[in-house]
Amino acid sequence: MKMKDKKLTYIDLFAGCGGLSEGFMQTNNFEALAHVEWEMPMVKTLRNRLKTKWEHTDEDAEKSVVHFDIQKTEELINGNWVEDTKLKYAKTNHEFVVEKGLKGLVGDKKVNLIIGGPPCQAYSIAGRAQDKNSMKDDYRNYLFESFVKVVDAFKPECFVFENVPGLLSACPGNIPVTDRIFDAFKKIGYEIRDPQKLKKSIYTASELGVPQKRNRIIIIGVRSDSNINLEDIYKSIDSLKNNLSYKTVSDAISHLPKLLPIGNAIKIDGKNISHKVREKKTIKYHEPRFHNDRDVTIFKNWVKNDMNKKPMVDKISFYNDLMGKNSNHAKYRNLEWDKPSPTIVAHLYKDGLMFIHPDEKQARSITIKEAALLQSFPDDYEFLGSNGDCYKMIGNAVPPEMAKNIALGIVKCLK
């Protein structure tokens, strides 16, 4: 392999089901040395993707996607621990011991990059609003410290830290979390943008090729003794925005078979059914939730009356009048064909009231398949777990197309 063709290596922390990693691998410029994730459905999904798409052997996929609690950071980096997932490739299932932790897995390979995004709930404005202490006592506020420790252990030239814009206003322990992050990375010899300038690091997914209006802060850091210019990386990513096409809900999901109400709900194999594909073509993960007759009527009327464009007081009244409630919040929203989707969220595993399909005739919330396509997951991406697991992992993921364009911006500067 010629030097210019040599792939850059990375470790993926808080890997989830693989959205961020997928984007980096799609550029054909990066090779993953390890992925760290705690939730098992996501671990299984990422392992499966590495095998079915990226031609990893069963053994490599099982070993490189590490099922481990990143809060035990020292043990993760250096310890001898037992991988508790049975190896499918073995003649007889057994556990294997990882010697010397991540350092043992990486071996003598150089790590060029560390990527990841700690769980964002503690930084999100919505999350803080629902917690009586504004999540100041939430341990997730400090998971960035584990990220810092891994960076310090491997000393990559660069790192990518992805999160919600609410991180800019989070203040656990009455100290702005951006100050904590800035100081922590400076202490280990890394430069990031000054906390007062981090607003410039907010990107919208729709600017980076994703059919979704999803705002995320991308904190890029470079090792202080490297010859890489931090602002050059941001300029490289920014330059891509002007050449990417604007994608809408229609671009992403309009080709999928229609799922229409059947009139009166029925039960098939013990499962309640309210919608049915009226075409012979069926697509995996494109199965509608059950909606009772009342909800079907509500969804249809919401879209038909173009309620998205009505004043907030009308939206709230729509719900309160129908349900006999006294809520101060709008409970419904539909996607619109000619616009990007709103942010796909993990809350979809609970309900889809804020993600009503834009076709009034279908009168339903979006399917797992639609959520995945709006997140820019490739059509052949498989998600392993219950329906709730699938919605949750998709909502928590970094859109692969967004990740790919960030990776393309970075690779120009690293190579």
Side-chain angles (χ1 to χ4, degrees), residues 121 124-132 211-214 248-250 252-254 256-268 270-278 285-371 373-375 386-388 390-392 394-395:
Q121 290 88 342
S124 72
I125 293 172
R128 297 203 301 269
Q130 294 170 18
D131 185 89
K132 63 181 180 180
Q212 182 186 165
K213 192 172 176 60
R214 183 188 193 93
T248 65
V249 169
S250 179
I253 68 170
S254 62
L256 293 172
K258 293 182 177 181
L259 305 173
L260 300 171
I262 59 176
N264 295 307
I266 59 174
K267 194 177 286 266
I268 299 178
K271 184 179 179 180
N272 290 320
I273 305 294
S274 61
H275 291 67
K276 189 176 181 181
V277 180
R278 299 295 173 88
Y285 308 117
H286 189 49
E287 299 175 0
R289 271 190 166 105
F290 171 77
H291 296 296
N292 60 40
D293 293 341
R294 182 197 65 198
D295 283 344
V296 170
T297 300
I298 288 172
F299 295 163
K300 185 174 293 186
N301 288 335
W302 181 274
V303 178
K304 182 178 180 180
N305 295 322
D306 209 4
M307 291 297 298
N308 273 13
K309 296 179 181 177
K310 297 291 175 67
M312 183 58 67
V313 64
D314 291 349
K315 295 178 183 179
I316 294 172
S317 295
F318 181 94
Y319 171 77
N320 287 340
D321 293 346
L322 280 168
M323 309 299 291
K325 301 285 186 181
N326 191 28
S327 174
N328 294 320
H329 303 283
K331 298 291 184 179
Y332 303 109
R333 179 185 60 199
N334 67 274
L335 307 186
E336 299 177 47
W337 286 122
D338 59 348
K339 296 179 181 178
S341 164
T343 301
I344 300 298
V345 294
H347 182 86
L348 267 165
Y349 83 94
K350 292 184 177 179
D351 68 67
L353 302 185
M354 296 292 283
F355 294 88
I356 302 170
H357 193 279
D359 179 5
E360 68 176 82
K361 293 181 180 178
Q362 298 194 50
R364 60 176 177 82
S365 59
I366 61 173
T367 63
I368 292 168
K369 185 66 174 180
E370 288 164 336
L373 293 177
L374 292 168
Q375 274 279 60
S386 67
N387 286 352
C390 293
Y391 277 119
K392 187 177 180 181
I394 291 168

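For the single chain, residues carry numbers from 1 onward in sequence order.
Judged purely by atom type and a 3.5 angstrom limit, E360 has no side-chain atom pairing as donor or acceptor with the backbone of V303. When atom types are taken as modelled, the side chain of N292 and the backbone of R294 share a donor-acceptor pair closer than 3.5 angstrom. Using a distance-only test at 3.5 Å, with no hydrogens or angles considered, no donor-acceptor pair links the side chain of S327 to the main chain of I316. Judged by distance alone, the side chain of H286 and the main-chain N or O of P257 form a donor-acceptor pair under 3.5 Å. Listed for the K331 side chain is no donor-acceptor partner under 3.5 Å among the backbone atoms of L353. In this structure a side-chain-to-backbone donor-acceptor pair under 3.5 Å is present from N305 to N301.
The side-chain contact (heavy atoms from CB on, under 4.5 Å) test with P342 is passed by exactly one of V249, L335, N334: L335. Each of L322, N320, D321 was checked for a side-chain contact (heavy atoms from CB on, under 4.5 Å) with F318, and the lone residue meeting it is L322. Between H357 and the options F299, W337, W302, a ring pair (Phe, Tyr, Trp, His ring centres under 6.0 Å) holds for only W337.
Rounding to the nearest 0.5 angstrom, the gap separating the CZ atom in F290 from the CZ atom in R364 is 15.0 Å. One finds the CG atom of D351 at 10.5 Å from the OH atom of Y391 (value rounded to the nearest 0.5 Å). For the atom pair K300 NZ and I298 CD1, the distance stands at 13.0 Å (nearest 0.5 Å). For the atom pair S274 OG and N264 CG, the distance stands at 11.5 Å (nearest 0.5 Å). Expressed to the nearest 0.5 Å, how far CG of L374 lies from NZ of K213 amounts to 15.0 Å. We find the CD1-CG distance between I368 and L373 to be 12.0 Å, quoted to the nearest 0.5 Å.
The two residues I268 and I266 have their closest heavy-atom pair at CD1-CD1, 3.8 Å. The shortest heavy-atom contact between I262 and I273 is CD1-O, 3.5 Å. For Y349 against K392, the heavy-atom pair with the smallest separation is CB-N, 4.1 Å. The minimum heavy-atom distance linking S365 with G352 is given by the pair CB-O, 3.4 Å. Here the closest non-hydrogen pair linking Q362 and L260 is CG-CD2, 3.8 Å. Closest non-hydrogen pair, H275 versus L259, comes out as CD2-O, 3.4 Å.
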Practice problem: Show the numbers, then the answer: is there a side-chain contact (heavy atoms from CB on, under 4.5 Å) between I366 and I344? | Solution: CA-CA 10 Å; I366 61 173; I344 300 298; 4.2 Å; yes
Self-check item: V277/K258 under side-chain contact (heavy atoms from CB on, under 4.5 Å): CA gap, chis, key distance, verdict
Solution: CA-CA 6 Å; V277 180; K258 293 182 177 181; over 6 Å; no
Exercise. Take N272 and K267 through the side chain to side chain donor-acceptor pair (under 3.5 Å) test and state the conclusion after the steps.
Key: CA-CA 4 Å; N272 290 320; K267 194 177 286 266; 3.3 Å; yes
Practice problem: Kindly determine whether Y332 and K315 satisfy side-chain contact (heavy atoms from CB on, under 4.5 Å), including the steps that lead there. | Solution: CA-CA 8 Å; Y332 303 109; K315 295 178 183 179; over 6 Å; no
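For NZ of K310, the number of neighbouring non-hydrogen atoms (other residues, nucleotides, ligands) closer than 6.0 Å is greater than 12.
Geometrically, R333 engages F355 in a cation-pi contact defined by less than 6.0 Å to the ring centre and at most 45° from the axis.
Between K276 and E287 there is no salt bridge, since no side-chain N of the basic residue sits under 4.0 Å from a carboxylate O of the acidic one.
A 4.5 Å side-chain heavy-atom check between T367 and I253 finds every atom pair outside the cut-off.
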